[in-house]
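Here is how names work: the chains are called A, B, and so on, in the same order as the sequence lines, proteins then strands, and each is numbered from 1.
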2 protein chains.
Amino acid sequence: MARPVDPRTREKLLDAVKRLSLKRGFGGTTVDAICEKAQVSKGSFFHYFGTKDEAADAALERFAGALREAFATAPFWKLEDPQQRLAGYVEFAADVCRSSVLRDGCLVGALAMELSDAAPGVRKKCAAIFDGWARSLKELLDEAFALQRPKADTQALARLFVVTLEGALLIARAFRDPTVVDQSLQHYARYLQLQLEAKKGDRR
Amino acid sequence: MARPVDPRTREKLLDAVKRLSLKRGFGGTTVDAICEKAQVSKGSFFHYFGTKDEAADAALERFAGALREAFATAPFWKLEDPQQRLAGYVEFAADVCRSSVLRDGCLVGALAMELSDAAPGVRKKCAAIFDGWARSLKELLDEAFALQRPKADTQALARLFVVTLEGALLIARAFRDPTVVDQSLQHYARYLQLQLEAKKGDRR
């Protein structure tokens with residue numbers, strides 16, 4: 001018997017993919033388990049996704065979209081001073097890490113770790129998302145460093161932010177200590193500050 | 001027919017656990033696949049390990065042991081100046097990341113990411129290994145900071161090293177760009193240097 005289409009079915013499935021992947025890994029998560037968690041039929045799953053990898057791709061897209069949305073409407077963009085805006089970005093990232101989006105871990109980091117070799121499409125997707133984060137921060141770094149340290153390698157500093165964020169989320173999970181994320185991002189902000197205070201023309 | 005015991009069987013199995021976990025995740029790795037990779041029988045596997053999780057634990061122990069051994073015999077310990085010794089540690093870590101031990105990724109990071117929620121024993125083991133790394137570095141940080149910045153939070157700085165290392169290994173894999181590790185550790189070393197140059201008594 002055909003059931004009425006529930007527009008939230010796809011969302012429920014993607015939410016289940018995220019939760020289960022963060023809880024026990026993507027490899028340890030079967031389509032059956034995803035359907036059971038989402039309380040939808042296997043037929044529904046395959047209506048939306050041809051394969052489990054396709055569902056991972058869609059879950060990554062949804063996850064990155066939620067983060068983009070959170071950042072797009074964040075208050076720090078209104079700060080006029082470029083250095084304050086930059087500091088605001090890092091602080092806001094720490095807030096987001098405490099929010100429901102990232103509290104249980106980062107789906108991009110988890111899938112990148114697990115599937116980098118096994119699923120090239122997923123790896124590329126993760127890399128593109130990380131790159132997007134780095135690029136959005138690089139703009140703020142360029143503005144903040146323009147006057148004092150115009151030669152600073154802001155691309156490398158932006159990538160260091162993603163490195164610090166992902167490393168901190170991983171170590172926080174291993175230690176069951178969410179303060180690792182805050183502390184690590186504070187160190188990152190402090191590093192930027194020390195770099196800004198360093199001698200002009202110093203390229204290190 | 002009973003086969004002669006090969007003392008390398010356990011090693012082969014642990015090597016297969018490591019390689020397969022890094023390639024496609026621990027959840028995506030079956031005991032059959034481990035045995036096939038190691039070219040040993042399933043009976044041999046269960047001779048050494050009661051469960052797959054037990055094999056993960058032993059693989060972590062072996063992995064951490066290889067790193068401990070590499071660090072124990074490293075030349076930087078002979079440097080007399082504490083700040084040079086500290087810099088030597090970070091440089092040596094970058095070298096190890098290029099070596100066969102870590103080239104394909106960090107088993108501790110991979111299992112911590114995937115099994116933090118699903119396998120509490122594995123999570124605790126990973127946390128203990130990360131903690132051991134941080135503690136060994138903290139001693140060097142204490143010596144290097146003793147004169148110039150005795151109030152610096154060396155424990156947090158030591159943890160930041162593990163955060164940076166693990167984040168860098170993850171991002172390097174996602175980007176297929178091993179230079180991320182070197183660059184990130186250079187930034188970490190530069191941060192320490194800027195902290196050492198900062199005003200005495202400054203606790204930030």
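Crowding of A:Lys37 atom NZ: a count of heavy atoms from other residues, nucleotides or ligands under 6.0 Å not exceeding 12. Remark: A:Glu69 CD is loosely packed, at most 12 non-hydrogen atoms of other residues, nucleotides or ligands lying under 6.0 Å away. In this structure, A:Gln155 places its CD atom where only 12 or fewer heavy-atom neighbours from other residues, nucleotides or ligands lie under 6.0 Å away. Annotation: B:Arg8, atom CZ; neighbour count of heavy atoms from other residues, nucleotides and ligands within 6.0 Å does not exceed 12. Within a 6.0 Å radius of CD in B:Glu139, no more than 12 heavy atoms belonging to other residues, nucleotides or ligands are found. More than 12 heavy atoms of other residues, nucleotides or ligands sit less than 6.0 Å from atom CD of A:Glu54.
When the candidates B:Glu166, B:Gln186, B:Arg159 are compared by the number of heavy-atom contacts under 4.5 Å with chain A, B:Arg159 comes out ahead. When A:Thr164, A:Thr29, A:Leu160, A:Leu165 are compared by the number of non-hydrogen pairs under 4.5 Å with chain B, A:Leu160 comes out ahead. Your options are B:Gly27, B:Cys106, B:Ala112, B:Ala156, and the one with the most heavy-atom pairs under 4.5 Å with chain A is B:Gly27.
Of all residues spanning residues 115-127 of chain B, those with a heavy atom less than 4.5 Å away from chain A's heavy atoms are B:Ser116, B:Asp117, B:Ala118, B:Arg123, B:Ala127, arranged by number. Identified by a heavy-atom distance below 4.5 Å to chain A, the contributing residues of residues 171-181 of chain B are B:Ile171, B:Arg173, B:Ala174, B:Phe175, B:Arg176, B:Asp177, B:Thr179, B:Val180, in residue-number order. Using non-hydrogen atoms only and a strict 4.5 Å limit, the part of residues 16-26 of chain B facing chain A consists of B:Leu22, B:Lys23, B:Arg24, B:Gly25.
When heavy atoms are compared at a cutoff of 4.5 Å, B:Leu194 approaches chain A by way of both its backbone and its side chain.
Separation of atoms NE2 (B:His187) and CZ (A:Phe161) is listed at 14.0 Å; rounding is to 0.5 Å.
Contact between B:Val163 and A:Ala168 at its shortest, heavy atoms only, is CG1-N, 3.4 Å.
With sequence neighbours excluded, the residues forming a side chain to side chain contact (heavy atoms under 4.5 Å, CB included) with A:Gln84 are A:Leu79, A:Asp81, listed by chain and number.
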